[in-house]
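Structure first, then comments.
Only this structure's heavy atoms are used, side chains among them; waters, hydrogens and symmetry mates stay out.
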Amino acid sequence: MTEGQSGKARVTGSGLPVEAVYEKTTADRSLGPPGEFPYTRGVHPTMYRARVWTMRQYAGFGTAEDTNRRYRYLLDQGTTGLSVAFDLPTQMGYDSDDPMAQGEVGRVGVAIDTLEDMENLFREIPLGEVSTSMTINATAAILLAFYVALADERGVPREKLRGTVQNDVLKEYIARGTYIYPVEPSLRLVSDVMAFCGDQVPRWNTISISGYHMREAGATAPQELAFTFANGLEYVERALAVGLDLAEFGPRLSFFFAAHNDVLEEVGKFRAARRLWAQLLKDRYDAPDEACRLRFHTQTGGSTLTAQQPLNNVVRVTLQALSAVLGGTQSLHTNSFDEALALPSEESALLALRTQQILAHESGVTNTVDPLAGSYFVEHLTDAVEAQAVEYLKRIDELGGAAKAVEFMTEEIHRAAYRFQLEVEGGDRTVVGVNSFLEEEENPDIHQPDYAALERSQKESLGTLKGTRGATLLDSALEGIREAARSGENLLPPMIEAAKVRATLGEISEVLRQEWGTYDQG
């Protein structure tokens, strides 16, 4: 390993060794053309020359009305897709008037209790024309049921709906923690969504298999790929077990990755991701090429944003977004520079969107496909990230697959996060404005919504709706969900009918809690 002038060995952000100079070797792998298996160079032959990535700004806060205003503002400014953040009670299956929701309503996303809330969230937004991504997992089936019910009531054909529901519950047990039910029934909900959409909502991406949250929890780049693909293979197995055809559902699988600061390592990671996933599906299932085509959304790294010298985050986000574009992402969210302090302001959200637009239209990086292909260093990083990810996948296979390897993956992420923090605290890893290049700063003026008033308002509207429902229809609809949970029938149809008679998210979740219980981490 080559040493720098300081005498210290150089490594990537994930700890992969870096030589001073890279030379072409006979071990170089054939790249193949873009748009062809194994898609190392991109999933489309012309990539951004034909159409730039979807600019999808993640937003959600307070009430549905508040969030709707932000969505319409972003659409007016050139956003081409919506991405919904839900508050913790919604993610955990509690209504805003539940004691478990107290103090959390609307704080980290929008509160959605009923179909009325979904209507307000998408007021004046044409569901048949926009692409909507919903970051939701344990209650993914319920939120999708609300969305489909809203489309039905508006007269929008289900086959016109486009978007993604995250629906990746395994990573909740591994890294994030917003799980509700035990693993097996949770995986059943995943396959129910995949089966229902395959039949009823064919343009919907039924799962966004997420490495992002594991990376945010401290995973390295190779761990992010390995653990994401281990989960992905588990979902493939579950879908096959209920009779779904990989040729049909494979092209609807999507992925969600983080973009962190080490630009060239991230480019290598994204290129390795396409090649590795394609090869895994081909080797294990002899999948057709189209099913092997890995499409992914990217979000810049929230954990890399600093509260100190927050304007530095503008530069971090730009570099991270550049890595995603150079790596061939299909969709991108750029974080706002002030997110380490509070909900992003309208001005900072606009700047984040403009960052994407400048990259797309002024930087020149969209003029050719896979512009860094053939760089000795980038090709080395592509191979190195893939090789380390493969070693992790072998270990997970030995443990019996992702559903049985949750503790292993969690522990590996914890170890990586601990090493990273020691490096920062010891000064071995420079974080500008945090442990180097410090300056005196005034406390920033942070505007926070009146969450107490927001919670009262949400509870009042929920109480009003509950007072106007027909008890007979409601009880019958909830019983339909209970019967489907017991019989093994697909849960989406009864959930949609329950949404239409104004059953709440919490009421639907509670039926499943009663039937399945909850996950006990101990």
Side-chain angles (χ1 to χ4, degrees), residues 4 10-16 18 47-48 52-58 211-212 215-216 218-222 224-225 256-273 296-341 344 348-368 370-373 375 377-382 384-385 420 423-424 429-437:
R10 298 295 178 92
V11 296
T12 67
S14 294
L16 298 174
V18 176
M47 288 299 289
Y48 307 135
V52 299
W53 62 93
T54 299
M55 299 181 191
R56 188 186 302 279
Q57 288 304 108
Y58 184 52
Y212 181 88
R215 189 68 184 277
E216 290 291 277
T220 64
E224 181 185 5
L225 292 196
F256 176 23
F257 294 120
H260 278 210
N261 289 332
D262 193 322
V263 173
L264 297 180
E265 181 181 56
E266 293 298 283
V267 174
K269 178 190 76 177
F270 295 130
R271 299 173 82 251
F296 66 96
H297 169 70
T298 309
Q299 181 173 340
T300 56
S303 64
T304 70
L305 302 180
T306 63
Q308 302 93 327
Q309 301 180 26
L311 283 174
N312 294 344
N313 296 327
V314 175
V315 182
R316 293 186 177 101
V317 168
T318 303
L319 291 172
Q320 293 163 10
L322 177 63
S323 76
V325 172
L326 292 172
T329 192
Q330 278 62 68
S331 170
L332 178 61
H333 164 85
T334 34
N335 289 327
S336 301
F337 72 85
D338 52 359
E339 288 188 48
L341 301 167
S348 66
L350 178 60
L351 178 59
L353 174 61
R354 293 288 185 255
T355 301
Q356 294 200 49
Q357 292 165 335
I358 290 169
L359 283 175
H361 302 294
E362 296 186 30
S363 71
V365 297
T366 62
N367 288 337
T368 190
D370 194 19
L372 295 184
S375 157
F377 184 38
V378 169
E379 297 301 344
H380 165 79
L381 288 172
T382 303
V385 171
F420 178 92
E423 291 170 3
V424 173
R429 183 185 294 267
T430 298
V431 181
V432 174
V434 174
N435 64 1
S436 300
F437 310 106

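Applying the side-chain hydrogen bond (donor to acceptor under 3.5 Å, both in side chains) criterion to Thr318, with sequence neighbours excluded, gives no partner residue. Evaluation of the side chain to side chain contact (heavy atoms under 4.5 Å, CB included) rule for Leu350 yields Tyr73, Gln77, Arg354 as partners, not counting sequence neighbours. Evaluation of the salt bridge (charged side-chain N to carboxylate O under 4.0 Å, His left out) rule for Arg429 yields Glu423 as partners, not counting sequence neighbours.
The CG atom of Asp370 lies 9.0 Å from the CG atom of Leu326; values are rounded to the nearest 0.5 Å. Of the inter-residue distances, the one linking Phe257 atom CZ with Tyr212 atom OH reads 13.5 Å to the nearest 0.5 angstrom. Taking NE2 of His333 as the start and CE of Met55 as the end, the distance is 13.5 Å to the nearest 0.5 Å. We find the CG-OG distance between Leu264 and Ser375 to be 7.0 Å, quoted to the nearest 0.5 Å. Once rounded to the nearest 0.5 Å, the distance linking CD of Gln299 with OG of Ser331 reads 10.0 Å. Taking NE2 of His380 as the start and OG1 of Thr12 as the end, the distance is 8.5 Å to the nearest 0.5 Å.
At a threshold of 4.5 Å between non-hydrogen side-chain atoms, the residues Thr334 and Leu353 do not count as touching. Contact annotation: the side chain of Val314 approaches that of Leu351 to within less than 4.5 Å [non-hydrogen atoms, C-beta and beyond]. Using a 4.5 Å heavy-atom threshold, the side chains of Ser436 and Thr430 count as touching. Within the 4.5 Å cutoff, side-chain heavy atoms of Val325 are placed close to those of Tyr48.
Judged purely by atom type and a 3.5 angstrom limit, Gln330 uses its side chain to pair as donor or acceptor with the backbone of Gly328. Side chain of Glu362 to backbone of Leu359: no donor-acceptor contact under 3.5 angstrom is found. No donor-acceptor pair under 3.5 Å is formed between the side chain of Ser348 and the backbone N or O of Pro344. Proximity of a side-chain donor or acceptor of Ser14 to a complementary backbone N or O of Ala221 within less than 3.5 Å is detected. In this structure, the side chain of Asn313 engages the main chain of Thr306 through a donor-acceptor pair within 3.5 Å. Using a distance-only test at 3.5 Å, with no hydrogens or angles considered, no donor-acceptor pair links the side chain of Lys269 to the main chain of Gly327. A donor-acceptor contact shorter than 3.5 Å links the side chain of Glu216 to the backbone of Gly302. Panel note: side chain Thr368, backbone Pro371; no donor-acceptor pair is recorded below 3.5 Å. The closest donor-acceptor contact from the side chain of Glu265 to the backbone of Leu381 lies at 3.5 Å or more, if one exists at all. Proximity of a side-chain donor or acceptor of Thr366 to a complementary backbone N or O of Ala360 within less than 3.5 Å is detected.
Salt bridge annotation for Glu266-Arg271: absent, with no cationic side-chain nitrogen under 4.0 angstrom from a carboxylate oxygen.
With no hydrogens or angles considered, a side-chain donor-acceptor pair links Thr298 and Thr329 at under 3.5 Å.
Partner of Leu305 under the side-chain contact (heavy atoms from CB on, under 4.5 Å) criterion, chosen from Val317, Thr300, Leu341: Val317. Each of His260, Gln320, Arg316, Arg215 was compared with Thr304 under the side chain to side chain donor-acceptor pair (under 3.5 Å) criterion, and only Gln320 meets it.
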Evaluate side-chain contact (heavy atoms from CB on, under 4.5 Å) for Phe377 paired with Val18, printing each intermediate quantity in order.
-> CA-CA 9 Å; Phe377 184 38; Val18 176; 3.8 Å; yes
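Between Val385 and Pro222 the shortest heavy-atom distance is O-CB, 3.9 Å. Looking at every heavy atom in both residues, Ser323 comes nearest to Val263 through CB-O, 3.7 Å. In terms of heavy atoms, Ala340 sits closest to Ala307 at CB-N, 3.7 Å. Shortest non-hydrogen contact noted between Gly211 and Glu224 is O-CG, 3.6 Å. Of all non-hydrogen atoms in Ala273 and Leu225, the two that sit nearest each other are CB-CD2, 3.7 Å.
For an aromatic pair to be called close, the ring centres must be under 6.0 Å apart, and Phe296 with Phe270 satisfies this.
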